[in-house]
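Just so we're on the same page: letters track the sequence lines, and every chain starts at 1.
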There are 2 protein chains.
Amino acid sequence: MVDNMNSPADLPQRPIVSVDLAIFALAPEGLEVLLARRGTEPFSGYWALPGGWIHVDEDRNLEAAARRVLSDKTGVATPYFEQVGIFGDAERDPRGWSLSVTYMALIAPDAVTLRHGGNVTDVAWHPIDGDTTMAPLAFDHAAILRAAITRLRNKVEYSTLPVHLLPEAFTLSELQAVYERLLGRLLDKSAFRKRIAEVDFIEPIAGEMRRASNRPAQLYRLKQAGSTVFFDRTI
Amino acid sequence: MVDNMNSPADLPQRPIVSVDLAIFALAPEGLEVLLARRGTEPFSGYWALPGGWIHVDEDRNLEAAARRVLSDKTGVATPYFEQVGIFGDAERDPRGWSLSVTYMALIAPDAVTLRHGGNVTDVAWHPIDGDTTMAPLAFDHAAILRAAITRLRNKVEYSTLPVHLLPEAFTLSELQAVYERLLGRLLDKSAFRKRIAEVDFIEPIAGEMRRASNRPAQLYRLKQAGSTVFFDRTI
DNA sequence: CTAAGTTAGTTGAAACTTTACACTAAGATG
DNA sequence: CATCTTAGTGTAAAGTTTCAACTAACTTAG
């Protein structure tokens with residue numbers, strides 16, 4: 001809401017606003033987050049969540065700004081995307097009262113080409129250990145990352161969100177393995193399949209099988225790209 | 001995060017940022033939201049979610065800004081408080097690219113004194129019918145309110161959130177009635193009590209009973225003020 | 001003083017779900 | 001063609017939910 005007059009002079013001093021992204025992928029070694037090394041002050045040389053300013057003349061809305069940042073850094077255009085929250089106070093950025101609008105993205109291990117450039121000297125995947133990375137992060141990005149990881153881990157318990165960490169076609173065993181790795185515990189095969197069947201969000205790809213030196217497995221795909229369904233119980 | 005230099009001249013044009021609140025209470029007639037009638041352009045005369053600017057020199061962080069707005073409008077200092085999200089695009093405010101950081105608050109029907117003032121001519125409770133109010137709302141506040149109501153209704157299914165709509169001391173039957181009114185369906189008494197007992201978030205107030213012309217009922221209170229607990233199943 | 005009315009709080013049998021684990025199926029490989 | 005491996009299904013026992021009835025504790029009317 002707005003308590004003030006129309007002329008810019010009457011508007012109070014505005015905070016700095018950036019859009020920051022916690023971009024997750026699942027590597028063979030575990031969950032990873034994409035970080036960018038800063039090339040300018042403040043926190044020059046530190047790793048940070050990739051982000052940028054809102055381009056008032058270019059971005060139609062917040063999500064468009066976030067997608068622009070994502071595609072600049074990864075070349076990926078349409079992954080799973082969700083707002084994590086907004087973090088703002090007087091101290092987090094030495095340049096003044098600032099806000100970080102944070103989004104979380106889940107991407108499949110294929111389909112990524114890292115891109116450098118801008119005032120960023122490096123972009124790389126960093127493994128997540130517990131709820132942090134090895135490298136210390138710029139600003140309050142460690143806290144923001146923690147919030148994103150907590151959100152992700154919670155949603156694994158009661159939603160189909162982990163499917164977005166897999167490529168377009170996947171088997172039920174692969175999907176179960178993603179759940180197990182994110183949850184850190186083993187799941188019962190028949191119970192897992194029952195839950196997945198109940199919420200009816202994937203479909204077999206007719207005739208497509210994953211072949212190996214054993215019984216072939218049916219490949220599945222999402223019924224609606226980008227969709228997430230909630231269980232009425234934990235998985 | 002931040003792609004730019006330290007000097008203000010290098011920072012891009014900043015969006016306008018307001019903090020808006022969806023403040024809910026449960027009246028005998030149903031769920032209500034607190035709205036303020038705008039006294040200035042744009043949308044002068046329209047009802048809107050109460051809100052205000054971030055006071056860069058006064059508010060230490062976002063939540064402090066939101067609590068300041070709440071206490072200005074209602075006199076209530078410490079209700080349940082949660083971030084709903086941030087809404088931002090080029091068109092929602094005719095004055096330019098703007099962001100609304102939205103919080104949801106749940107307050108008990110006691111403990112509220114409405115306060116007018118500022119550029120607001122009126123503050124009043126409006127009943128919620130489905131997911132809207134009767135009056136048309138300023139800006140995109142109808143969409144923001146819809147998001148807040150959806151969040152609230154979803155959380156009723158799997159959390160103890162509705163307890164914050166009751167006064168400090170309440171009976172189990174009163175708590176069950178709140179759930180039933182928000183969900184629009186009746187719950188089984190013994191199943192409801194089992195769920196509530198499992199999560200162990202309230203305690204009986206020794207010796208305090210609600211008396212009427214029938215068997216007296218034990219009064220309970222939250223074990224930790226402001227806390228919310230999640231069920232691992234729907235209620 | 002007692003019977004009737006009302007809501008609080010508990011109990012239990014039947015129906016349903018989940019769990020743990022074993023079984024059958026279908027391929028590759030040697 | 002026997003063996004190995006993973007896919008996918010079945011089932012008995014254990015646990016949970018549902019539905020409804022029951023007992024408890026008070027006020028009020030007569």
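For the pair A:Q176 CD and D:dT6 C1', the computed distance is 12 Å after rounding to whole Å. In this structure, B:D188 atom CG and D:dT16 atom C1' are separated by 13 Å, rounded to whole Å. Per the geometry, CD belonging to B:Q218 stands 7 Å off P belonging to C:dG9, to the nearest Å. The interatomic distance linking B:N214 (CG) with C:dA3 (C1') rounds to 17 Å, in whole Å. Atom pair A:F192:CZ and D:dT9:P shows a separation of 14 Å (rounding to whole Å applied). If you take CG of A:D232 and P of D:dT17, they are 11 Å apart, rounded to a whole angstrom. Look at CG on B:L187: it is 15 Å from P on D:dA20, rounded to the nearest Å. Atoms NZ (B:K189) and C1' (D:dA24) sit 11 Å apart, rounded to a whole Å.
Nearer the 5' end of DNA chain C, as judged by each residue's closest nucleotide, is the contact made by A:R195, out of A:A212 and A:R195. The nearest heavy atom of DNA chain D to B:R233 and to B:M209 marks one nucleotide each, and the one closer to the 5' end goes with B:R233. Position along DNA chain D of the nearest nucleotide to A:S213 versus A:R193 favours A:S213 as the more 5'-ward residue. When each of A:R215 and B:L219 is assigned the nucleotide of DNA chain C with its nearest heavy atom, B:L219 is the one assigned upstream, toward the 5' end.
B:E157 and B:R185 are joined by a salt bridge, as a carboxylate oxygen and a charged side-chain nitrogen come within less than 4.0 angstrom of each other. For the pair A:D89 and B:R60, the salt-bridge criterion is not met [side-chain N within less than 4.0 Å of a carboxylate O]. The residues B:R153 and B:D131 are annotated as not salt-bridged, no charged nitrogen and carboxylate oxygen being separated by less than 4.0 angstrom. Using a 4.0 Å cut-off between a side-chain N of Lys or Arg and a carboxylate O of Asp or Glu, B:E82 and B:R151 qualify as a salt bridge. B:K223 has a carboxylate O that lies under 4.0 Å from a charged side-chain N of B:D200, or vice versa, which qualifies the two as a salt bridge.
The residue B:S173 sits close only to the backbone: its heavy atoms come under 4.0 Å of sugar-phosphate atoms, none of a base. A:T171 comes within 4.0 angstrom of no nucleic acid atom, judged by non-hydrogen atoms across all strands. Contacts of B:R210 with the nucleic acid, taken as non-hydrogen atoms under 4.0 Å apart, are absent.
The side chain of A:S190 sits closest to D:dG10 out of C:dG27, D:dC19, D:dG10.
The side chain of B:K194 places no N or O atom within less than 4.0 Å of a non-bridging phosphate oxygen (OP1 or OP2) of D:dT16.
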